[in-house]
**Q** 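Shown below is the structure under consideration.
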Amino acid sequence: MPDYQTILYQVADGVATITLNRPEVLNAFNDQMIAETTAALKAAERDEGVRCLVLTGAGRAFSSGQDLDEVKARRTDPQAPGIGEHLRTGYNPLILKMRAMEKPIIGAINGVAAGAGCSVALACDLRIASDQATFIEVFVNVGLVPDSGSTWFLPRLVGLGKAFEMAATAQRVRAEEALALGLVNRVVPAGELMAATRELALALAKAPTRAIGLTKRAMNRAWTMTLEEALEYEAFLQEIASRTHDHEEGVTAFLEKRPPQFIGR
Ligand code: LHQ
């Protein structure tokens with residue numbers, strides 16, 4: 001296993017947990033943390049024993065987004081690539097890996113998720129928020145546009161009007177409001193966040209992983225499809241799902257009136 005410096009990576013009971021681990025800067029993303037998070041996602045994707053991922057933060061924050069000390073250092077280095085290139089080579093592959101990976105990713109949002117940290121939270125498949133969590137599209141405070149997928153995810157989750165308001169004002173959206181907006185799936189007391197996350201993660205790790213992965217693929221693509229195309233794509237994917245062990249097992253277990261034993265294939 002690689003020796004990660006900025007994240008913790010742990011696999012147990014079919015669940016890979018990635019913990020952003022720079023708590024002294026509220027888990028701000030520097031280049032190394034972007035690279036290590038992407039590497040850990042790829043490791044979890046390759047590992048057949050992993051059937052669900054959890055992404056969370058160490059300390060009191062989920063992530064404060066881009067490390068601004070690193071931004072400052074780049075601005076004074078004439079050799080450093082511009083922000084566009086930084087996004088193309090760093091955050092964009094990270095976000096695309098989260099979406100392309102055909103395993104569910106739960107964001108356990110333990111505190112503030114700001115800027116690119118908010119975008120990473122939005123790119124998870126499900127979000128369980130601590131009652132201490134807040135979401136801030138903070139980019140405008142530093143004169144930037146939302147990036148790392150926020151312009152794509154946020155309007156889809158909360159609608160265009162609210163998304164624009166959040167982006168244009170950098171208002172702090174607290175957990176309960178995030179729940180009402182559909183920005184998170186569930187809010188739990190801070191002390192119960194990891195137990196609640198673990199319960200859901202273990203359930204997903206015992207579910208038909210292939211069907212869940214194909215569902216993620218279908219929903220990713222359906223956004224840009226016509227109804228006719230989506231129906232056809234569902235039929236295509238259902239052929240694949242219907243040939244899995246877990247489909248056979250699900251039907252057999254139902255008819256035999258016993259709990260199914262899914263193996264993820
Ligand atoms: C930080 C940070 C941080 C460094 C807290 N960096 N130290 C992509 C590509 C390329 C370039 C640019 O951007 C992007 C996308 C982006 O993500 S742009 C947005 C970047 N992020 C921000 O602008 C957020 C900056 N942070 C904040 O606004 C606040 O810290 C929040 C609202 C997140 C939390 O506020 P508080 O709870 O009051 O905490 P704090 O401000 O006291 O922070 C605690 C410490 O963490 C503090 O250090 P210190 O040594 O004083 O204890 C902060 O300097 C440090 N920190 N965020 N992003």
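We count ligands from 1, going down the list as the structure has it; atoms in each ligand are counted the same way. Computed from a predicted model, the values in this text were never measured in an experiment. Heads up: numbering here begins at 1 and tracks the sequence.
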**Q** Within a 6.0 Å radius of atom CZ on R198, are there more than 12 heavy atoms belonging to other residues, nucleotides or ligands?
**A** no
**Q** Under 4.0 Å from any heavy atom of D67, which atoms of ligand 1 are there?
**A** 4 (C), 6 (N)
**Q** Taking all non-hydrogen atoms of both residues, which atom of E165 and which atom of Q171 are closest, and how far apart?
**A** OE2-NE2, 3.2 Å
**Q** Walk me through whether H245 and F262 qualify under ring pair (Phe, Tyr, Trp, His ring centres under 6.0 Å).
**A** CA-CA 8 Å; H245 165 279; F262 295 123; 8.1 Å; no
**Q** From D31 CG over to E36 CD, what is the distance, rounded to the nearest 0.5 angstrom?
**A** 11.0 Å
**Q** Need the ligand 1 atom indices (1-based, order shown) with element for anything under 4.0 Å from a heavy-atom of R172.
**A** 32 (C)
**Q** In ligand 1, which numbered atoms sit nearer than 4.0 Å to a non-hydrogen atom of G65?
**A** 17 (O)
**Q** For the side chain of R127 and the backbone of I106, is there at least one donor-acceptor N/O pair under 3.5 Å apart?
**A** no
**Q** Answer with yes or no whether F29 contacts ligand 1, where contact means a heavy atom under 4.0 Å from a ligand atom.
**A** no
**Q** Mark up the atoms of ligand 1 that fall under 4.0 Å of a heavy atom belonging to H86, in ascending order.
**A** 9 (C), 10 (C)
**Q** Tell me whether F164 at atom CZ has more than 12 heavy atoms from other residues, nucleotides or ligands lying less than 6.0 Å away.
**A** no
**Q** Charged N to carboxylate O below 4.0 Å: is that the case for R174 and E176?
**A** no
**Q** With only distance considered, is G117 within less than 3.5 Å of ligand 1 through an N or O on each side?
**A** no
**Q** Quick check: closest heavy atoms across R22 and A28, and the distance to 0.1 Å?
**A** NH1-O, 2.9 Å
**Q** State whether the shortest distance between N or O atoms of D69 and N or O atoms of ligand 1 falls below 3.5 angstrom.
**A** no
**Q** Looking at ligand 1, would I83 count as a contact under a 4.0 Å heavy-atom criterion?
**A** yes
**Q** For the CZ atom of F139 and the OG atom of S148, what is their distance to the nearest 0.5 Å?
**A** 5.5 Å
**Q** Does any N or O in the side chain of N21 come within less than 3.5 Å of the main-chain N or O of T6, such that one atom is a donor and the other an acceptor?
**A** no
**Q** Is it true that a side-chain atom of N27 and a backbone atom of S64 form a donor plus acceptor pair closer than 3.5 Å?
**A** no
**Q** For atom 2 (C) of ligand 1, grab the closest protein heavy atom and report residue, atom and distance to one decimal in Å.
**A** S64 OG, 3.4 Å
**Q** Applying a heavy-atom cut-off of 4.0 Å, say which part of D147 lies close to ligand 1: side chain, backbone, both or neither.
**A** side chain
**Q** May I ask whether R60 has any heavy atom positioned less than 4.0 angstrom from an atom of ligand 1?
**A** yes
**Q** Answer yes or no on whether R156 is positioned over the face of W152, meaning its NZ or CZ is under 6.0 Å from the six-membered ring centre and within 45° of the axis.
**A** yes
**Q** In terms of residue, atom name and distance, what is the protein heavy atom nearest to atom 18 (S) of ligand 1?
**A** F139 CD2, 3.7 Å
**Q** Which residue and atom name correspond to the protein heavy atom nearest atom 29 (C) of ligand 1, and how close is it?
**A** L26 CD1, 4.8 Å
**Q** Can you name the nearest heavy-atom pair linking Y91 to A116, along with the distance?
**A** CE2-CB, 3.5 Å
**Q** Is atom 41 (O) of ligand 1 less than 4.0 angstrom from at least one protein heavy atom?
**A** no
**Q** What protein heavy atom sits nearest atom 13 (O) of ligand 1, and how far away is it?
**A** Q66 CB, 3.4 Å
**Q** Got a protein heavy atom sitting under 4.0 Å from atom 6 (N) of ligand 1?
**A** yes
**Q** When you check the gap from the basic side-chain N to the acidic O, do R210 and D246 get nearer than 4.0 Å?
**A** no
**Q** Can a protein heavy atom be found under 4.0 Å away from atom 38 (O) of ligand 1?
**A** no
**Q** Which atoms of ligand 1 are found less than 4.0 Å from any heavy atom of L144?
**A** 12 (C), 13 (O)
**Q** Specify the closest pair of heavy atoms between A108 and F62, including all atoms of both residues, with the distance to one decimal.
**A** O-CD1, 3.9 Å
**Q** Please identify which atoms of ligand 1 are closer than 4.0 Å to at least one heavy atom of L87.
**A** 8 (C), 9 (C)
**Q** For atom 25 (C) of ligand 1, what's the nearest protein heavy-atom neighbour? Residue, atom name and distance, please.
**A** L68 CD1, 3.9 Å
**Q** Could you identify the single nearest non-hydrogen protein atom to atom 56 (N) of ligand 1 and state the distance to 0.1 Å?
**A** V25 O, 3.8 Å
**Q** To the nearest 0.5 Å, what is the distance between NZ on K42 and NZ on K97?
**A** 6.5 Å
**Q** Where is the nearest protein heavy atom to atom 48 (O) of ligand 1: which residue, which atom, and how far?
**A** E24 O, 4.3 Å
**Q** For atom 28 (O) of ligand 1, grab the closest protein heavy atom and report residue, atom and distance to one decimal in Å.
**A** V138 CG2, 4.1 Å
**Q** With atoms numbered from 1 as shown, which atoms in ligand 1 lie under 4.0 angstrom from a non-hydrogen atom of Y91?
**A** 8 (C), 9 (C)
**Q** In terms of atom number and element, which parts of ligand 1 are under 4.0 angstrom from non-hydrogen atoms of A28?
**A** 3 (C), 6 (N), 58 (N)
**Q** Indicate whether atom 21 (N) of ligand 1 is within a distance of less than 4.0 angstrom of some protein heavy atom.
**A** yes
**Q** Under the 4.0 Å line, does any protein heavy atom show up next to atom 52 (O) of ligand 1?
**A** no
